[in-house]
Amino acid sequence: MSELAVNVKNLKYKYPDESWALNDVSLEVSVGEAILLLGISGVGKSTLLMNLNGLLTPTEGTIHIFGKKVIEKNLKEIRRRVGFVFQNPENQLFCPTLWDDIAFGPVNLGFSQEEVEERVEKALKLVGLITHAEKPPHHLSFGEKRRAAIATILSMEPDILLLDEPTANLDPRSVENIIKILEDISSKGKTIIIATHDVNTLPKITDRTIIMYNGKIKAMGPTKEILSDHGLLEKYGLKLPIIGQLFHKLESDHKLSIDSSLPITISSAEQKLIELINKNKKEGKP
Ligand SMILES: Nc1ncnc2c1ncn2[C@@H]1O[C@H](COP(=O)(O)OP(=O)(O)OP(=O)(O)O)[C@@H](O)[C@H]1O
Ligand SMILES: [Mg+2]
């Protein structure tokens, strides 16, 4: 069996006001997997991510990260290996300059000045902000702040990256930037878990999708299977990706036979359309 990056068993979490946000969540994530954690607002996505790196402590159940239990005495190592990118980038940027913000983690981890400089430069280049290194973070645009927040985590070179709504409130080009950064990190064998409602842009970089509802995991499977299952998504208040909606409509309104699962990305839709056109040509249809 492949090594587990994350192993969550029967996790329950109750906030101090007695509201249960997680109710018996069990989950295994292998090293190098990219996971889409999907669910409507308030189902417990952020609460789950915050439990994974020890920002919150489970009320019941256990979490192991690379075999180490998430408990007080292991938190230093866990936080080094698990980076958390908050939904609001402003929560992650508080130093006078961007450079200082990105250096903050490595300095705290006790690296030499030379190593810190190397890591900061690498992280800033990766997110395309090297020219902004000396700017105060509050002068950055929102999309730049988002990339900067990711860089504050990348400079610590974590093995697992948890991202909370990384594409929310961004213009399409900034979304593409984020996708490229995440693709790059994923291709280096890092484990990624992304909490989101975004079914349109993030599926193409994730292997597996988990649907949460009311503090529980309701479905889990390959992204292209889960995100093409109209009935399942509707049941939990979600929608097919826009491209899947088009094919679903063609199927239901025009009896177009898709033969396989609905395409959920532009490239799979393109391939499906070419197949359908060629099939029609062969059958002599216009
Ligand atoms: N500090 C808190 N105290 C009490 N209840 C909280 C607290 N934070 C979150 N909750 C509740 O826990 C539940 C799960 O919240 P959580 O933020 O994990 O949801 P989410 O899936 O991340 O939602 P969203 O998509 O809106 O970010 C919600 O019902 C929320 O009201
Ligand atoms: Mg949230």
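Bear in mind the structure is a predicted one, so any value in this text is a computation, not a measurement. First listed ligand is number 1; within each ligand, the first listed atom is number 1.
No donor-acceptor pair under 3.5 Å is formed between the side chain of Thr97 and the backbone N or O of Pro136. Ser155 places a side-chain N or O within 3.5 Å of a backbone atom of Ile102 that can act as its donor or acceptor partner.
With Lys122 as the partner, the salt bridge (charged side-chain N to carboxylate O under 4.0 Å, His left out) test is satisfied by one option alone out of Glu157, Glu117, Glu115: Glu157.
The shortest N or O to N or O distance between Gly44 and ligand 1 is below 3.5 Å. Checking only distances, Ala21 never comes within under 3.5 Å of ligand 1, N or O to N or O.
Considering all non-hydrogen atoms of both residues, Ile192 and Leu182 come closest at CD1-O, 3.7 Å. Here the closest non-hydrogen pair linking Met50 and Asn53 is O-OD1, 3.5 Å.
Contacts with ligand 1 closer than 4.0 Å are made by side-chain heavy atoms of Ser19 only, the backbone lying farther away. Under 4.0 angstrom from ligand 1, the non-hydrogen atoms of Asp17 all belong to its side chain. Counting heavy atoms closer than 4.0 Å to ligand 1, residue His197 contributes side-chain atoms (C-beta onward) but none from N, CA, C or O.
Among Leu38, Thr47, Leu37, the residue whose heavy atom lies nearest to atom 18 (O) of ligand 1 is Thr47. Residue Tyr15 holds the heavy atom nearest to atom 1 (N) of ligand 1 of all those in Tyr213, Tyr15, Tyr13, Trp20.
Atoms of ligand 1 lying under 4.0 Å from at least one heavy atom of Ser41, given by number and element, are 23 (O), 24 (P), 25 (O), 26 (O).
Remark: Glu275 engages Lys272 in a salt bridge, criterion side-chain N to carboxylate O under 4.0 Å. Between Asp184 and Lys188 a salt bridge is recorded (basic side-chain N to carboxylate O distance below 4.0 Å). Checked for salt-bridge contact, Lys14 and Glu60 miss the test: no charged N lies under 4.0 Å from a carboxylate O.
Distance check for Ser46 against the Mg ion (ligand 2): an N/O/S atom falls below 2.8 Å.
Remark: minimum distance from atom 25 (O) of ligand 1 to any protein heavy atom is reached at Lys45 NZ, 2.7 Å. Ranking protein heavy atoms by distance to atom 23 (O) of ligand 1, first place goes to Gly42 N, 2.8 Å. Among all protein heavy atoms, the one lying closest to atom 17 (O) of ligand 1 is Ser46 CB, 3.8 Å.
Atoms CG and CG, from Leu140 and Leu129 in turn, are 6.5 Å apart once rounded to the nearest 0.5 Å.
The presence of a protein heavy atom under 4.0 Å from atom 30 (C) of ligand 1 is ruled out. Atom 12 (O) of ligand 1 is approached by the protein to below 4.0 angstrom, counting heavy atoms only.
Proximity of Gly39 to ligand 1 is not established, as no heavy-atom distance is less than 4.0 Å.
Side chains of Asn177 and Ser174: a donor-acceptor N/O pair is absent below 3.5 angstrom, by distance only.
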